[in-house]
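Presented below is the structure to which this report refers.
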Amino acid sequence: MPELPEVETVRRNLEATVVGRTIVSVRLSGKKLRDPISRQLPLRLRGRRIESVKRHGKFLLIHLDQDLTLISHLGMSGRWLFFDDSPDAMSHVHARITFKDGTELWFQDPRRFGLMRVTPTSRLARDPAIADLGPDPVATPLRGEWLFERSRGARAPIKSFLLDQKRIAGIGNIYASEILHRAGVSPRRQAGALTADEWNAVAAEIAYVLRDAIDRMGTTFSMYRTLWNEPGTYGDQLLVYDRAGEPCRRCGGVIRRIVQGQRSTFYCPRCQSVRRGRRALVIARGQSGA
DNA sequence: ATCCTATCCTGTAGGC
DNA sequence: TGCCTACAGGATAGGA
């Protein structure tokens, strides 16, 4: 579910809500996440105070006192939910954090692809989950020139390149399609074959789309919710994602779905032609003929 | 190093 | 209604 804008929304929610609160207990469910939660985690978190909430890509970093950080990844279906009063039982809740004042923070994740662990803050950069991540494009706006240089020799399609968290941290399946559509670049192009101008366009749309999606609290299809169980509204802005067979909002052509790396990709073959040069030639011809 | 495939897990939508 | 298949916002191990 959650890509950078959704995780950033949850981060802001957490920052406004749980910073300053002190944990009195953590209860774990018996079920294993893909990366199991340590049984020691409740003991390590007990008595700790939340000092700040940061983010790198899709990872939430909840900093506590005594040099501890709670690393959290939402996977496909993870949610953090905050309650003033403990609600009735919910399914798939893997951790319940109770604060000193009686408020609660629950981690729910039906598909169990999420991750939660505690690590010393001073060694956070060496945590295997964090160590290999590329730059966060919101914290560090990416320049087209930098992407151009970094992509030389890359033979994977640009769509897969954008999803690679080692290259850029935070872009997921929805926003990769949206970014490429707005940039007018076909998802099938080899990343290493994009021109500097094309990378400039992609860099600009990475910044624009992520910012816009954050402003709208992300995209909700089914699972994703804010800390208060509200949906995000960026779904109204989607130009191609999940719109196969529907008309392109820019040119009226038909949006197509293809599969790349076992993930769906949506694009408009007319706006995003595979051969940019050919398209430019057609336009030039039309002008000379007029 | 890079790329591709299969896999982890549950829920839901759509076809019959 | 039920049964079946395909698919879903992600990351990663293992092999080419």
Side-chain angles (χ1 to χ4, degrees), chain A residues 1-11 29-37 55-60 71-80 90-94 107-117 127-134 136 149-180 187-193 209-210 213-214 216-226 230-238 240-245 257-266:
Chain A
M1 94 183 172
E3 307 181 30
L4 188 152
E6 291 75 35
V7 179
E8 173 62 14
T9 300
V10 174
R11 187 201 70 77
S29 78
K31 296 238 176 176
K32 277 190 169 37
L33 298 187
R34 186 172 187 220
D35 207 336
I37 301 175
R55 180 189 56 74
H56 189 123
K58 301 171 193 170
F59 286 87
L60 276 169
I71 302 177
S72 161
H73 193 292
L74 302 176
M76 280 291 223
S77 58
R79 288 178 185 172
W80 282 104
M90 287 173 59
S91 53
H92 307 298
V93 176
H94 297 99
F107 181 72
Q108 182 193 38
D109 184 7
R111 291 181 69 182
R112 299 196 251 144
F113 293 162
L115 173 153
M116 191 185 312
R117 70 160 157 263
D127 185 281
I130 308 293
D132 295 330
L133 292 177
D136 182 285
E149 284 166 16
R150 297 299 298 262
S151 65
R152 292 310 89 183
R155 295 187 311 170
I158 173 72
K159 159 68 168 3
S160 304
F161 186 96
L162 292 180
L163 287 182
D164 185 348
Q165 304 299 299
K166 292 183 175 65
R167 297 190 180 275
I168 307 167
I171 297 173
N173 210 34
I174 295 178
Y175 298 110
S177 283
E178 294 298 311
I179 287 162
L180 289 174
R188 316 168 71 129
R189 297 276 304 285
Q190 276 190 357
V209 168
L210 296 180
I214 291 169
R216 297 169 197 272
M217 302 191 298
T219 305
T220 294
F221 274 97
S222 55
M223 280 307 296
Y224 161 71
R225 291 291 189 289
T226 70
E230 300 159 329
T233 60
Y234 191 79
D236 302 341
Q237 310 298 315
L238 297 177
V240 289
Y241 187 84
D242 202 30
R243 299 193 63 238
R257 172 185 180 272
I258 59 174
V259 175
Q260 297 179 294
Q262 288 111 238
R263 317 287 309 273
S264 291
T265 300
F266 300 89

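Protein chains get the first letters and strands the later ones, always in sequence-line order, with residue 1 at the start of each.
Residue-level contact check: A/Q165 touches the backbone only, with heavy atoms under 4.0 Å from sugar-phosphate atoms and none from bases. Residue A/G172 is in sugar-phosphate contact alone, with no base atom involved, counting any heavy-atom pair closer than 4.0 Å across all strands shown. Among the protein residues, A/A154 comes within range of the sugar-phosphate backbone only, with heavy atoms under 4.0 Å from sugar or phosphate atoms but none that close to a base.
Of the candidate nucleotides B/dC4, C/dA8, C/dT12, B/dC4 has the atom nearest to the side chain of A/A156. Of the candidate nucleotides C/dG10, B/dT10, C/dC7, C/dC7 has the atom nearest to the side chain of A/R257. Taking the side chain of A/R112 as heavy atoms from C-beta on, and the options B/dA6, C/dG10, B/dC9, the nearest nucleotide is B/dC9.
The side-chain contact (heavy atoms from CB on, under 4.5 Å) test with A/H94 singles out one residue from A/R112, A/K32, A/Q108, and that residue is A/R112.
Rounded to an integer number of Å, the gap from A/Q260 CD to B/dC3 P is 13 Å. Straight-line distance from the CG atom of A/N173 to the P atom of C/dC7: 13 Å, rounded to whole Å. Atom P of nucleotide B/dT10 and atom NZ of A/K32 are separated by 13 Å, given to the nearest angstrom. Rounded to an integer number of Å, the gap from A/Q108 CD to B/dT10 C1' is 12 Å. Rounded to whole Å, atom P of C/dA6 lies 15 Å from atom CD of A/Q262. In this entry the distance linking CZ of A/R155 with P of C/dA16 reads 16 Å, nearest Å. Distance CE (A/M76) to P (B/dT10): 14 Å, rounded to an integer number of Å. The CG atom of A/D109 sits 18 Å away from the P atom of C/dA8 (whole-angstrom rounding).
Atom CD in A/E6 sits 9.0 Å away from atom CD1 in A/I214 (nearest 0.5 Å). Here the straight-line distance linking atom OG of A/S264 with atom NZ of A/K159 works out to 7.5 Å at 0.5 Å rounding. Distance check, rounded to the nearest 0.5 Å: CZ of A/R188 to CG of A/L180 gives 13.0 Å.
Look at the P atom in both C/dC3 and B/dC9: the space between them is 24 Å, to the nearest Å.
If you check the side chains of A/Y224 and A/E3, you find no donor sitting under 3.5 Å from an acceptor.
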Tabulate below the donor-acceptor pairs under 3.5 Å that side-chain atoms of residues 161-171 of chain A make, not counting sequence neighbours, or state none.
residue: A/D164; atom: OD1; partner: A/K166; partner atom: N; Å: 2.9
residue: A/Q165; atom: OE1; partner: A/G170; partner atom: N; Å: 2.8
residue: A/Q165; atom: NE2; partner: A/L163; partner atom: O; Å: 2.9
residue: A/Q165; atom: NE2; partner: A/I171; partner atom: O; Å: 3.0

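Comparing A/F161 and A/R34 by the nucleotide of DNA chain B that holds the closest heavy atom to each, the one mapping nearer the 5' end is A/F161.
Between A/R263 and C/dG10 there is a side-chain N or O to OP1 or OP2 distance below 4.0 Å. Between A/R167 and B/dA1 there is no side-chain N or O to OP1 or OP2 distance below 4.0 Å.
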(request) With pairs defined as Watson-Crick or G-U wobble and both distances under 3.5 angstrom, please note down DNA chain C as a dot-bracket string, | for pairing with another strand. (result) .|||||||.|||||||

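Under a 3.5 Å cut-off, the side chain of A/H56 and the backbone N or O of A/G134 do form a donor-acceptor pair.
Using a 4.0 Å cut-off between charged nitrogen and carboxylate oxygen, A/R117 and A/D127 count as a salt-bridge pair.
Taking the side chain as every heavy atom from C-beta outward, A/Y234 and A/I174 never approach each other to under 4.5 Å.
Ring-to-base geometry does not place A/F113 in a stacked arrangement with B/dC9 (centre distance under 5.5 Å, plane angle under 30° required).
Classified by interplanar angle (parallel below 30°, tilted 30° to 60°, perpendicular above 60°), the ring pair A/W80/A/F107 is tilted.
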Identify all pairs in which a protein N or O lies below 3.5 Å from an N or O of nucleotides 11-16 of chain B, and state each distance.
residue: B/dG11; atom: OP1; partner: A/H92; partner atom: NE2; Å: 2.6

